[in-house]
Amino acid sequence: MAQLPPEPRPGVRPGHMPGSLNVPSTALVENGRLLPLDRLRQAFAAGGVDVGRPVITSCGSGVSAATLWLALDALGKPPVGLYDGSWSEWGARPELPVVAGAK
């Protein structure tokens, strides 16, 4: 299992939420615009996201999660939620489960 880089936010554990998937917001934008719909679908599929199922967007601090929301909305599949606390909140709460390996 690949070792995770150190967490840059003090008090936040490295890792990710159980069951989370990874679609970088940078994979959805080119030259400041959302990609065409077919490429957005490909980016979500590459990250293992079934856009036909309920999705909650999240990221490190809640900002990039908004880009994910916009991309899903453009596909006609708006998320059921955006976790604005994102990893900064989840990773700082010791009672919440964390997966420490690479996705």
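Going from atom CH2 of Trp87 over to atom CE of Met17 covers 6.5 Å, rounded to the nearest 0.5 Å. One distance of note links CG of Leu28 with OG of Ser64; it measures 9.5 Å at 0.5 Å rounding. The distance from atom CG of Leu34 to atom CZ of Arg39, rounded to the nearest 0.5 Å, is 11.5 Å.
With contacts defined as side-chain heavy-atom distances shorter than 4.5 Å, the pair Phe44/Leu68 qualifies. At least one side-chain heavy atom of Pro54 sits less than 4.5 Å from a side-chain heavy atom of Val80.
Thr67 places no side-chain N or O within donor-acceptor distance of the main-chain N or O of Ser25, the cut-off being under 3.5 Å. The backbone N or O of Pro97 sits less than 3.5 Å from a side-chain atom of Trp90, completing a donor-acceptor pair. Using a distance-only test at 3.5 Å, with no hydrogens or angles considered, a donor-acceptor pair links the side chain of Ser86 to the main chain of Cys59. At least one donor-acceptor pair closer than 3.5 Å links the side chain of Arg13 to the backbone N or O of Arg93.
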For this session: Test side-chain contact (heavy atoms from CB on, under 4.5 Å) on Arg41 and Leu75 and set out the steps.
Result: CA-CA 8 Å; Arg41 282 187 203 90; Leu75 293 173; 3.7 Å; yes
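Residue Pro79 is tested with Leu70, Val51, Thr57, Ile56 for a side-chain contact (heavy atoms from CB on, under 4.5 Å); the sole match is Thr57.
Scanning all heavy atoms of the two residues, the minimum distance from Leu40 to Ala74 falls at CD1-CB, 4.2 Å. Taking all atoms of both residues into account, the shortest heavy-atom contact from Leu21 to Gly48 is CD1-O, 3.3 Å.
Both Leu37 and Val49 are part of a single hydrophobic cluster, where members link through side-chain heavy atoms under 4.5 Å apart. Hydrophobic clustering, with ILVMFWY side chains joined whenever heavy atoms are under 4.5 angstrom apart, groups Val12 together with Val98. Val29 and Val63 end up in different hydrophobic clusters when Ile, Leu, Val, Met, Phe, Trp and Tyr side chains are linked at under 4.5 Å.
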